[in-house]
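Note sheet for the following structure.
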Amino acid sequence: MIRPMRVGRHEVPISNPDKPFFPEVGLTKGDLVRYYLDVAECALPHLRRRPFHMVRYPNGVDGEFFHQKRVPKHPDFVGEQFVRFPSGHTTLFAVIDNAAALAWVINLGCIELHTWHSRIDDIERPDYMLIDLDPTTGDQWHHVREIALVVREVLDELGLASYPKTSGATGLHVLVPIRPQIRFPDVRRFAKAVAEEVERRVDDQDVATTTWRVAERRGVFVDFGQNARDRTIASAYSVRPTPDARVSAPLRWEEVPDVDPAAFTVRTMPARIAEVGDATVGMWRRKAVLAPRFERLGLEPPSL
DNA sequence: GTTAGTA
DNA sequence: TACTAACAACGCACC
DNA sequence: GGTGCG
Ligand SMILES: [Mn+2]
Ligand SMILES: [Mn+2]
């Protein structure tokens with residue numbers, strides 16, 4: 001069964017809108033599309049003009065999933081971006097610039113929104129740096145909150161504005177919007193220095209670590225490696241494939257010390273936006289110039 | 001979920 | 001018409 | 001070069 005949905009001046013066919021996508025909380029595929037259209041205005045500024053990496057769950061959160069980079073045949077309102085890899089492989093990614101395109105990828109079974117860190121205006125230069133906090137065990141959320149505040153402190157001292165959000169899975173993301181002037185490897189090198197400074201300040205390997213080997217890891221992983229080409233994160237307001245339909249929730253820093261990531265779901269997020277607004281407003285108008293900060297971390301300057 | 005390929 | 005298979009393959013650290 | 005990792 002196909003239900004055509006009107007989205008602005010476009011019509012998007014939604015197949016099987018009544019298919020259960022989150023059976024544990026009674027949400028259907030149609031509910032998921034409605035959620036994304038509800039929050040589209042907040043979510044789109046984070047998606048626009050970025051290569052969109054599809055992770056598809058055509059049978060909902062309990063079904064099989066697969067990755068798909070190449071965009072299938074699509075309506076005109078879905079954008080596209082050609083990318084060449086060092087291996088010689090090439091891919092035509094989807095680009096989600098409007099609510100109709102968003103609804104279109106949700107219909108394909110994309111529960112999550114995964115995007116590159118760069119925009120198509122300069123595909124090789126990210127417009128944010130990311131510190132990704134990944135708990136090693138299931139009982140470290142209190143450490144995540146504490147470490148996030150140290151991340152903020154380090155970034156503050158560098159004069160960098162930062163924006164926290166729950167990942168919606170187990171961890172937390174801190175984003176620093178930057179002008180797209182530095183290539184992926186140099187942004188990653190910068191993030192590494194920040195992560196290692198955070199690790200030093202926490203000074204407890206049971207709390208925060210940059211140790212790469214999982215077997216030797218105890219504390220929360222301060223993951224700087226996510227700042228690389230062809231790596232993605234679930235963007236702000238993305239739903240995650242969890243049984244309770246959790247979403248990646250942008251936070252104000254004052255909320256971080258006692259935030260509970262389970263509080264933000266497909267059911268609760270629209271009301272939160274109505275009540276407290278979008279914590280990322282203005283974020284993309286505060287892009288920092290990263291190059292002069294390399295020296296302050298004792299790093300060689302970035303190459304062009 | 002959709003398309004392309006095969007029988 | 002019916003069935004099936006494909007749908008990613010990076011970028012880096014470390015040994 | 002092969003493996004681990006996200
Ligand atoms: Mn993470
Ligand atoms: Mn990670």
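Tested against Pro164(A), the residues Val151(A), Ile131(A), Leu251(A), Leu149(A) include a single side chain to side chain contact (heavy atoms under 4.5 Å, CB included) partner, Leu251(A).
Nearest to the side-chain atoms of Trp212(A) among the listed nucleotides dG11(C), dG1(B), dC5(D) stands dC5(D). Checking dA8(C), dG6(D), dC7(C) against the side-chain heavy atoms of His67(A) singles out dA8(C) as nearest. Here the nucleotide nearest the side chain of Gln68(A), chosen from dA8(C), dC10(C), dC5(D), is dA8(C). Of all nucleotides listed (dG11(C), dT2(B), dC10(C)), dG11(C) comes nearest to the side chain of Pro86(A). Closest to the side chain of Asn107(A), from the set dC7(C), dT2(B), dA8(C), is dT2(B).
Following rounding to the nearest Å, Lys69(A) (NZ) and dT2(B) (P) show an atom-to-atom distance of 23 Å. For the pair Arg70(A) CZ and dA4(B) P, the interatomic distance rounds to 14 Å; values are reported in whole Å. The interatomic distance linking Asn227(A) (CG) with dG11(C) (P) rounds to 14 Å, in whole Å. At whole-Å resolution of the value, CD in Glu64(A) and P in dA5(C) are 14 Å apart. For the pair His117(A) NE2 and dG11(C) P, the computed distance is 12 Å after rounding to whole Å. Rounding to whole angstrom units, CZ of residue Arg188(A) and C1' of dC12(C) are separated by 5 Å. One can place CG of Asp186(A) at 15 Å from P of dG11(C), the figure rounded to the nearest angstrom. Atom CH2 in Trp104(A) sits about 14 Å away from atom P in dG1(B), given to the nearest Å.
The distance between the ring centers of Trp212(A) and Phe221(A) does not fall below 6.0 angstrom. Two rings, from Phe21(A) and Tyr57(A), have their centers 6.0 Å or more apart.
Asn16(A) comes within contact range of the sugar-phosphate backbone alone, with a heavy-atom separation under 4.0 Å but no base atom that close. Using a 4.0 Å heavy-atom criterion, one finds that Lys29(A) contacts the sugar-phosphate atoms exclusively. Heavy atoms of Arg231(A) sit under 4.0 angstrom from at least one base atom. When heavy atoms are screened at a 4.0 angstrom cut-off, Arg189(A) is found touching no nucleic acid atom at all.
dA8(C) and dC5(D) are spaced 16 Å apart, taking the C1' atom of each and rounding to whole Å. Taking atom C1' on both dG4(D) and dA9(C), the two are 15 Å apart, rounded to the nearest angstrom.
A donor N or O paired with an acceptor N or O is not found under 3.5 Å between the base of dG11(C) and the side-chain atoms of Arg229(A).
Taking the six-membered ring where the residue is Trp, His74(A) and Trp104(A) present perpendicular rings, their angle passing 60° and hence far from 30°.
Using a 4.0 Å cut-off, no side-chain N or O of Thr91(A) falls inside it from OP1 or OP2 of dA8(C). Contact annotation: Ser87(A) reaches the phosphate of dC10(C) (side-chain N/O to OP1 or OP2, under 4.0 Å).
Side chains of Thr210(A) and Glu199(A): a donor-acceptor N/O pair is present below 3.5 angstrom, by distance only.
Arg240(A) places a side-chain N or O within 3.5 Å of a backbone atom of Ser167(A) that can act as its donor or acceptor partner.
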